[in-house]
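Read the structure below first, then the notes.
Chain naming here is simple, since letters A, B, ... match the order of the sequence lines and numbering starts at 1 in each.
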2 protein chains.
Amino acid sequence: MAETKKNPTGGMHDCTNLALRKASRTITQMYDQALAPCGLKITQFPILVTAARQGPLPVARMAEELVMDRTTLSRNLKPLVRESWVEMIPGKDQRERLIKITDQGKEVLDAALPLWRQAQTDVHTALGDTVWQRLMNDLNKVTESAPI
Amino acid sequence: MAETKKNPTGGMHDCTNLALRKASRTITQMYDQALAPCGLKITQFPILVTAARQGPLPVARMAEELVMDRTTLSRNLKPLVRESWVEMIPGKDQRERLIKITDQGKEVLDAALPLWRQAQTDVHTALGDTVWQRLMNDLNKVTESAPI
DNA sequence: TCTTAATAGATGTATATACACTATTATTTA
DNA sequence: TAAATAATAGTGTATATACATCTATTAAGA
């Protein structure tokens, strides 16, 4: 009751979104710093990995895979194409354009992998195995809670 | 061993950053949808709340409070100033500019609060109390694990 | 078949994010 | 006090994010 008067604006510190964004900003900077030597950003890493593993994929399908907006992925591909890390090739369906990793893309990915693994290890160590595992599980629950 | 051959690129699905960004994108869209009727975005909400609660604050101090880059906050303030939800007033130290909420800002914040609370409740319900509490704790740990 | 729907991708516009750098003012030090 | 250094905020540039809308192509329906 007294708490209500002292906190007329509500507990912003309980905001799920703020907590997620703060953690995202923090971790993104860590990973970007780790990846800096290879010239790849952590936001570009999953795109290259997916292109390498799932073969040439249409934009919409990779967007779904990475839980991102189609148009966001469309924009995010531009730097990768400019650097010749991926190329867009036509599909059977002429509306589709498939994202295909290039040889240069594979090279930069090879260079990125040990740096990424080190960042993974650093975070894992900082949080401890229990917390890290639990966090990854819970984050997946959040993502899956989307109304789709 | 066989696992290594099947996963030559490593387990991207274990990437802490990707998990955080996917969850962030999902939750941000949920909150933005909930807040849409009041014209405020969820990224702007904590700025207004902090301005309302901590009184006029210098840019650097609020940035620290919200765990964001100074220059990011500087840019994010522009739409709020344009909408006259906050104003920048000079401090005693003439280098400083203080972020001060306006009466219009208080109004939009009042309109935003019940919408935000509903979004909070929705997320809380979707995850369940146990998971939600634990997630918030773990996210704070991540944010605090920053090298500062 | 011809018209209409749905689908795939890109663009216009706006905001979010952060590094490198600049300008201005305050503080410290020689 | 003058010069060097700190601190404060803003800009240039680049990428990330997503809604609304557009174009082109395919699929469905009358």
| query | Does a side-chain heavy-atom distance below 4.5 Å link B:Pro90 with B:Leu98? | reply | no
| Under 4.5 Å between any side-chain heavy atoms of B:Leu127 and A:Lys141, yes or no? | yes
| field | B:Ser24 and A:Ser24: side chain donor to acceptor below 3.5 Å | value | yes
| message | Distance alone, cut at 3.5 Å: any donor-acceptor contact between the side chains of A:Arg21 and B:Thr43? | response | no
| message | Assess, by modelled atom type and distance only, whether the side chains of B:Glu83 and B:Gln104 contain a donor and an acceptor separated by less than 3.5 Å. | response | no
| field | Length of the line joining B:Arg21:CZ and D:dA18:C1', which is rounded to integer Å | value | 14 Å
| field | Protein-nucleotide distance (A:Leu18, atom CG; C:dA16, atom C1'), rounded to Å | value | 14 Å
| said: As a test of your reading of the structure, name each stem of DNA chain D as range with range, where a stem is three or more consecutive Watson-Crick or G-U pairs at under 3.5 Å. | reply: C:1-4 with D:27-30, C:6-24 with D:7-25, C:26-30 with D:1-5
| said: Please check: side-chain N/O of B:Ser74 versus main-chain N/O of B:Arg70, any donor-acceptor pairing under 3.5 Å? | reply: no
| query | At under 4.0 Å between heavy atoms, what does A:Arg82 touch on the DNA or RNA strands: base, sugar-phosphate, or nothing? | reply | sugar-phosphate
| Torsion-based syn/anti label for C:dA6, 90° from 0 as limit | anti
| said: Rounded to whole Å, how long is the line connecting atom CD of A:Glu64 with atom C1' of C:dG9? | reply: 15 Å
| remark: To the nearest angstrom, the CG-C1' distance between B:Asp32 and C:dA14 comes to 12 Å
| Looking only at side-chain N and O atoms, does A:Asn76 come under 4.0 Å of OP1 or OP2 in D:dT15? | no
| task | Could you verify whether a donor N or O on one side chain and an acceptor N or O on the other, from A:Trp132 and B:Thr16, lie under 3.5 Å apart? | result | yes
| said: My understanding is that only residues two or more places apart in sequence, or in another chain, count here; which of them pass salt bridge (charged side-chain N to carboxylate O under 4.0 Å, His left out) with A:Arg95? | reply: A:Asp93
| In the 5'-to-3' direction, what one-character label does each nucleotide of nucleotides 18-29 of chain C receive under the scheme B = base within less than 4.0 Å of a protein heavy atom, S = sugar-phosphate only, - = no such atom? | BBB---BBS---
| request: Using a 90° cut-off around 0 for syn, call C:dA8 syn or anti. | output: anti
| query | To the nearest Å, how far apart are A:Glu83 CD and D:dT15 P? | reply | 8 Å
| said: Could you tell me how far apart A:Leu77 (CG) and C:dT11 (P) are, to the nearest whole angstrom? | reply: 12 Å
| task | Taking only the side-chain nitrogens and oxygens of A:Thr43, find out if one of them lies under 4.0 Å from OP1 or OP2 of D:dA16. | result | yes
| query | Just how far, in rounded Å, is C1' of D:dT17 from CG of A:Asn17? | reply | 13 Å
| request: Can you tell me the distance, in whole Å, between the CD1 atom of A:Ile99 and the C1' atom of C:dG9? | output: 11 Å
| message | On the nucleotide C:dT11, are OP1 or OP2 found under 4.0 Å from the side-chain N or O atoms that A:Lys78 carries? | response | yes
| message | What I want to check is whether the side chains of A:Asp122 and A:Gln118 have a donor and an acceptor closer together than 3.5 Å. | response | yes
